[in-house]
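Bear in mind that the values here come from a model prediction, so they are computed numbers and not experimental data.
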Amino acid sequence: MSRLAVIGGSGCGGIDGAEILDHKESLTPFGDPSGALQVCRFQGQEVIFLARHGAPHHVPPHLVNYRANLWALQQAGVDRVIAVNAVGGIGDGMHPGRVVVPDQLIDYTYARKHTFFDDDYPGGLTQVKHIDFTEPYDDGLRDALLDAAATCGLQPADGGVYGVTQGPRLETAAEIVRLERDGCDIVGMTGLPEAALARELGIRYACLALVVNWGAGIEGGGIALATVMRHLEEGMVPVQKVLQHVIRGV
Ligand code: HPA
């Protein structure tokens with residue numbers, strides 16, 4: 001069976017308008033997922049929702065058990081994941097409120113469990129595995145997100161480099177300058193290792209990012225968390241519409 005899942009980040013605690021049919025608790029060899037998988041139905045289509053930071057939101061980005069989350073989703077039959085991520089904007093046009101469907105990733109995280117093929121692999125490791133990650137996101141899912149966003153009247157950014165930092169603190173102004181020099185268009189804390197782990201399991205994966213602030217130092221002065229929260233709340237309304245549209249089309 002082919003199943004779609006949504007992993008919701010900050011501000012995305014479920015699928016608006018969906019009926020929750022079941023809560024599935026999962027045990028995995030890698031520990032506990034962030035919470036129960038919500039088995040949902042939206043307009044006749046089944047979809048699984050997982051809150052990346054738990055419900056209520058309490059797991060910070062560097063402590064999310066990304067391996068358990070992806071493993072649990074695969075055990076539930078999921079073969080496609082749409083990840084929703086709140087991010088900061090760096091590149092031209094990446095203003096708060098912008099919806100971005102990135103096409104590349106750069107990893108600035110450290111000390112995260114970033115592979116299943118590790119010394120705790122169930123039954124022991126029998127081979128060395130290197131995934132191809134040249135194109136980290138799934139083309140078909142990216143297109144579905146871009147089409148849905150355009151149909152919803154948005155002007156999504158088609159492509160962009162998502163720089164993933166360790167958090168939980170926000171960046172310094174100098175770090176944002178460095179990320180910009182590296183070619184990053186947006187910055188967030190949760191895009192990896194999630195995308196790589198999905199690839200290791202053969203799960204198709206794409207990211208629907210919402211810009212909720214300008215990267216540190218871009219506007220001068222600090223980042224006002226109240227403003228971030230406002231952009232998050234307002235921006236999730238169109239993000240939910242995009243999700244609903246994609247789910248209807250599966
Ligand atoms: N930096 C890192 N992660 C983020 C940001 C940011 O500016 N905004 C939202 N998530």
[X] vs [Y] side-chain heavy atoms within contact, under 4.5 Å:
X	Y	result
Gln38	His23	yes
Glu46	Leu4	no
Tyr137	Leu105	yes
Phe49	Phe42	no
Leu73	Ile7	yes
Ile48	Arg3	yes
Asp185	Val100	no
Pro102	Ile186	yes

Where do [X] and [Y] come nearest, in terms of heavy atoms and distance?
X	Y	result
Thr165	Thr109	O-CG2, 3.7 Å
Tyr162	Gly188	CE2-N, 3.3 Å
Ile131	Ala196	CD1-O, 3.7 Å
Pro60	His53	C-ND1, 4.3 Å
His57	Ser10	NE2-OG, 3.3 Å
Thr151	Asp147	OG1-O, 2.7 Å

Under 3.5 Å, side-chain donor or acceptor atoms of residues 80-93 against the rest of the protein: list the pairs with distances, not counting sequence neighbours.
| residue | atom | partner | partner atom | Å |
| --- | --- | --- | --- | --- |
| Arg80 | NH2 | Ser2 | OG | 2.9 |
| Asn85 | ND2 | Thr190 | OG1 | 2.9 |

Connected via hydrophobic side-chain network under 4.5 Å: Leu201 and Phe117: yes
Over 12 foreign heavy atoms within 6.0 Å of CZ, Arg41: no
Exceeds 12 heavy-atom contacts within 6.0 angstrom, atom CG of Leu27: no
How many angstroms lie between [atom1] in [X] and [atom2] in [Y], if you round to the nearest 0.5 Å?
X	Y	atom1	atom2	result
Asp32	Asn69	CG	CG	10.0 Å
Leu192	His114	CG	NE2	10.5 Å
Glu19	Gln43	CD	CD	12.0 Å
Gln104	Cys184	CD	SG	10.5 Å

Not counting sequence neighbours, which residues clear side chain to side chain donor-acceptor pair (under 3.5 Å) with [X]? List them please.
X	result
Arg98	none
Asp120	Arg67
Ser26	none

Using atom types as modelled and distance alone, determine if a side-chain donor or acceptor of [X] lies under 3.5 Å from a backbone N or O of [Y].
X	Y	value
Gln166	Tyr110	yes
Asp103	Gly160	yes
Arg52	Ser34	no
Asn65	Pro33	no
Asp138	Gly140	yes

Side-chain donor/acceptor pairs under 3.5 Å, residues 175-182, sequence neighbours excluded:
| residue | atom | partner | partner atom | Å |
| --- | --- | --- | --- | --- |
| Glu175 | OE1 | Arg169 | NH1 | 3.0 |
| Glu175 | OE1 | Thr172 | N | 2.8 |
| Glu175 | OE1 | Thr172 | OG1 | 3.4 |
| Glu175 | OE2 | Arg169 | NH2 | 2.9 |
| Asp182 | OD2 | Tyr108 | OH | 2.4 |

Can you name the residues that form a ring pair (Phe, Tyr, Trp, His ring centres under 6.0 Å) with [X], not counting sequence neighbours?
X	result
Trp71	Phe30, Phe116
His245	none
Phe133	none

Distance-only donor-acceptor hits, side chain of residues 209-227, under 3.5 Å, sequence neighbours excluded:
none

Residues which pass salt bridge (charged side-chain N to carboxylate O under 4.0 Å, His left out) with Asp158, listed by chain and number, not counting sequence neighbours: Arg142
Check: Gln75/Thr28 side-chain N/O donor and acceptor closer than 3.5 Å: no
With a cut-off of 3.5 Å and sequence neighbours excluded, list every side-chain donor-acceptor pair involving residues 229-244.
| residue | atom | partner | partner atom | Å |
| --- | --- | --- | --- | --- |
| Gln240 | OE1 | Asp16 | N | 2.9 |
| Gln240 | NE2 | Gly14 | O | 2.8 |
| Gln244 | NE2 | Asp16 | O | 2.7 |

Salt bridge (charged side-chain N to carboxylate O under 4.0 Å, His left out): pairs with one or both residues in residues 106-119, sequence neighbours excluded: none
